[in-house]
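Single-structure report; data block below.
Here is the naming used below: chain letters follow the sequence lines, and residue numbers restart at 1 for every chain. Not measured: the values here are computed from a predicted model.
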Amino acid sequence: MIGYKFIISSIGIKKECCMSGIRVRFAPSPTGYLHVGGARTALFNWLMARKHGGVFILRIEDTDVERSTSESVDAILQGMEWLGLDWDEGPFYQSANFPLYKDYVQKLVDLDKAYRCYCTADELEARRELAMREGRKPKYDGRCRTLTEQPGDRPFVVRFRAPQDGSTSFDDQIKGTITFPNEELDDLIIQRSDGTPTYNFCVVIDDAVMRITHVIRGDDHVNNTPRQILLYQALGFPVPLFAHVPMILGADKARLSKRHGATSVIAYRDMGLLPEALVNYLVRLGWSHGDQEIFSREEMIASFDIAQVGRSASVFNPDKLLWLNAHYIKTGDPQRLAGLLAPFLAERGADPSAGGPQLAAVVKTLQERARTLIEMAEGALFYYLAPEAYDETAMAKFEKGHLLAVYATVAERLATTSARTAAEFDALLKDLCAEKGWKMPQLGQPLRIALSGGTQAPGIGEIIETLGSAETVRRVHRALEHASTC
RNA sequence: GUCCCCUUCGUCUAGCCCGGCCCAGGACACCGCCCUUUCACGGCGGCGACACCGGUUCAAAUCCGGUAGGGGACGCCA
């Protein structure tokens with residue numbers, strides 16, 4: 001009876017990678033961008049699938065037509081792709097399955113496991129408030145449960161007839177066994193008065209129909225779980241395993257939000273973060289493998305275990321993220337980094353393709369000095385845009401005569417040298433110092449200012465090698481002129 | 001209010017299930033020293049925690065009970 005296209009394809013597409021039979025899904029609601037919390041949940045699901053050779057499904061929970069937007073869907077997909085969290089099936093849209101949900105609602109009604117409720121939203125709201133004021137649980141009082149006559153054409157919702165005694169428990173893969181007394185659970189609405197199904201009902205149907213084996217999601221869903229289990233049972237579906245991952249907090253221990261800085265995954269990309277750094281950071285937030293801090297994708301997949309995820313919420317620490325990013329910049333492939341860096345340089349008015357040193361060579365001189373691609377771009381700028389002004393305070397530390405002598409000597413020596421590598425240039429400069437009786441800083445600093453404009457830059461030898469001696473000599477001449485006119 | 005969950009350095013965490021190796025280990029941040037032609041990188045060292053109270057035990061971060069604090073849920077949102 002379940003003949004919908006996505007279901008058939010979900011069975012057919014990836015037969016070869018279903019060896020373990022594990023099927024997990026990431027099911028965001030498209031009401032905003034992909035934030036770090038969601039990204040971590042997606043990552044844990046992805047790791048679960050990859051580790052066990054299972055299937056990772058992406059499902060968009062857009063049953064709330066009011067709040068869902070296609071822009072959000074795009075933003076989420078973009079975030080997932082950037083992080084390298086590839087999915088095997090989907091994206092599926094719940095909004096495409098409304099007829100399916102309707103069938104199941106009808107099935108429950110036919111079984112007398114669901115009933116029509118004619119209470120209006122306003123009435124419900126008023127009763128909830130009253131109950132709260134009187135210190136009672138604000139749950140539905142069940143007054144339409146036993147209605148015998150159907151009051152004509154008044155609008156109604158459909159409620160699930162939940163058991164009123166006993167208890168429902170599940171063995172959470174992260175938190176352990178959790179038990180709820182059924183009397184805490186009320187008859188939840190499974191179909192709105194406009195005929196659309198509600199979230200708690202859709203997830204159950206979709207997870208069952210997609211044969212999800214492990215539901216890994218945020219722990220704000222813990223309270224929904226017993227209700228959903230009751231639905232599984234009422235419909236005769238096998239109940240999946242659940243794992244509720246604790247949430248991510250801001251530095252003030254409040255739920256992570258915009259005022260804590262960036263929460264969107266894409267914002268981190270724009271801040272010059274590498275996806276592997278964010279992924280590494282996220283996987284270690286709430287999970288660990290002994291003392292290991294750095295994880296390649298393969299290592300992550302090999303060592304990840306959902307049961308080892310911590311039970312308590314964790315605070316997002318931007319400093320540590322930055323440290324990881326610095327690590328991945330330091331150890332990254334210069335060619336790849338160059339490609340990622342280019343747009344940041346363009347934003348700053350530099351165009352490596354129009355001449356100047358090879359960007360990858362520039363990157364090499366900056367890898368140990370940049371924690372983000374933005375910092376790297378700032379540091380790389382001088383290679384492509386010769387300094388138009390010099391750090392005068394730094395320059396003022398040397399006498400005019402000394403500066404003129406340094407620049408003249410260096411220009412002269414560089415014009416005739418056969419040195420090509422950073423080490424050779426450094427040796428040449430060292431010899432020069434010995435010859436002239438200068439200390440290295442007396443030579444290095446003025447030269448650095450001449451080449452980069454400031455005092456914070458890669459090693460002199462590296463700069464000269466990267467810039468080339470011709471351009472170096474040009475810049476030294478320009479500095480010489482500048483020094484002689486002040 | 002009711003229910004559910006959580007609690008090791010400022011932060012992420014190891015250890016906890018299977019008590020002794022833990023007067024608690026690693027990492028980020030911070031501080032100091034070293035390296036050094038700037039800035040960084042790196043190296044070395046320092047600071048710094050078992051929420052609290054009881055119980056069990058020869059022995060408890062680890063087991064049991066309670067207290068406090070924090071969070072989440074209680075929607076015709078997801």
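Closest contact between the side chain of Thr198(A) and the listed nucleotides A78(B), U7(B), U38(B) involves A78(B). Side-chain proximity of Asp291(A) to U11(B), C41(B), G26(B): nearest is G26(B). Comparing atom distances between the Asn223(A) side chain and each of C74(B), C4(B), U37(B) picks out C4(B) as nearest. With A78(B), C76(B), U11(B) as the candidates, the nucleotide lying closest to the side chain of Ile189(A) is C76(B). Out of C6(B), A78(B), C4(B), the shortest distance to the side chain of Asn200(A) is found at A78(B).
Among the atoms of the strands shown, only primed sugar atoms or phosphate atoms (P, OP1, OP2) are found under 4.0 Å from some heavy atom of Val315(A). Residue Asp186(A) is out of contact with every strand shown, counting any heavy-atom pair closer than 4.0 Å. Residue Asp426(A) is classed as a base contact, given a heavy-atom separation below 4.0 Å to a base. At a threshold of 4.0 angstrom between heavy atoms, the contacts of His244(A) with the nucleic acid are absent. If you check every strand for non-hydrogen atoms under 4.0 Å, Arg67(A) touches a base. Using a 4.0 Å heavy-atom cutoff across all strands shown, Lys330(A) reaches sugar-phosphate atoms only and no base atom. Residue contacts for Lys139(A): at a heavy-atom cut-off of 4.0 Å it reaches no nucleic acid atom on any strand shown. Across all strands shown, Pro441(A) has heavy atoms under 4.0 Å from sugar-phosphate atoms exclusively, and none from any base. Asn317(A) comes within 4.0 angstrom of a nucleotide base, judged by non-hydrogen atoms across all strands. Among the heavy atoms of the strands lying under 4.0 Å from Ser314(A) are primed sugar atoms or P, OP1, OP2 only; no base atom is included.
Classified by its glycosidic torsion, C28(B) falls in the anti category, the angle being over 90° from 0.
Contacts between residues 378-395 of chain A and RNA chain B, defined by a heavy-atom separation under 4.0 Å, are absent. Within residues 453-461 of chain A, the residues that have a heavy atom under 4.0 Å from RNA chain B are, in order of number, Thr455(A), Gln456(A), Ala457(A), Pro458(A), Gly459(A), Ile460(A).
At a threshold of 4.0 Å, the pair Arg255(A)-Asp220(A) counts as salt-bridged, since one of the basic side-chain nitrogens sits closer than that to a carboxylate oxygen. In this structure, Glu465(A) does not pair ionically with Arg420(A), as no charged nitrogen and carboxylate oxygen lie closer than 4.0 Å. Between Glu184(A) and Arg227(A), none of the side-chain N atoms (NZ, or NE/NH1/NH2) sits under 4.0 Å from a carboxylate O, so this pair counts as no salt bridge. Ion pairing between a basic and an acidic side chain is recognised when a charged N comes within 4.0 Å of a carboxylate O; Arg369(A) and Glu462(A) show such pairing.
Spacing between atom CD1 of Ile178(A) and atom P of C4(B) amounts to 10 Å, rounded to whole angstrom units. When the P atom of U36(B) is taken as reference, atom CG of Leu443(A) falls 17 Å away, rounded to whole Å. The distance between atom CD of Glu184(A) and atom P of C5(B), rounded to the nearest whole Å, is 12 Å. Whole-Å rounding puts the Lys430(A) NZ to U37(B) C1' distance at 10 Å. In this structure, Glu129(A) atom CD and G75(B) atom P are separated by 12 Å, rounded to whole Å. Atom P of nucleotide A78(B) and atom CD1 of Ile190(A) are separated by 14 Å, given to the nearest angstrom.
Look at Lys253(A) and you'll find a side-chain N or O under 4.0 angstrom from OP1 or OP2 of U11(B). Between U11(B) and Arg284(A), no contact under 4.0 Å exists linking OP1 or OP2 to a side-chain N or O. The side chain of Ser288(A) contributes an N or O atom lying less than 4.0 Å from OP1 or OP2 of A14(B). The shortest distance between the side-chain N/O atoms of Lys397(A) and the OP1/OP2 oxygens of U38(B) is not below 4.0 Å. For G75(B), one of the phosphate oxygens OP1 or OP2 lies less than 4.0 angstrom from a side-chain nitrogen or oxygen of Arg128(A). Residue Thr179(A) has no polar side-chain atom (N or O) positioned under 4.0 Å from OP1 or OP2 of C4(B).
Across every strand in view, U56(B) sits unpaired, with no contact that passes the Watson-Crick or G-U test at under 3.5 angstrom. In a base pair of the Watson-Crick type (N1 to N3 plus N6-O4 or O6-N4) or a G-U wobble (N1-O2 and O6-N3), with each distance short of 3.5 Å, U36(B) is matched with no nucleotide. In this structure C22(B) sits in no base pair that meets the Watson-Crick or G-U test at under 3.5 Å.
Side-chain atoms of Tyr281(A) and Phe316(A), non-hydrogen and from C-beta on, do get closer than 4.5 Å to each other.
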Quiz item: Would His35(A) and Tyr268(A) count as a ring pair (Phe, Tyr, Trp, His ring centres under 6.0 Å) if you check the C-alpha gap in whole Å, the side-chain angles of each, and the deciding distance to 0.1 Å?
Solution: CA-CA 10 Å; His35(A) 55 88; Tyr268(A) 283 98; over 10 Å; no
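Taking the ring axis of Phe26(A) as reference, the NZ or CZ atom of Arg59(A) does not stay both within 45° of it and closer than 6.0 Å to the ring centre.
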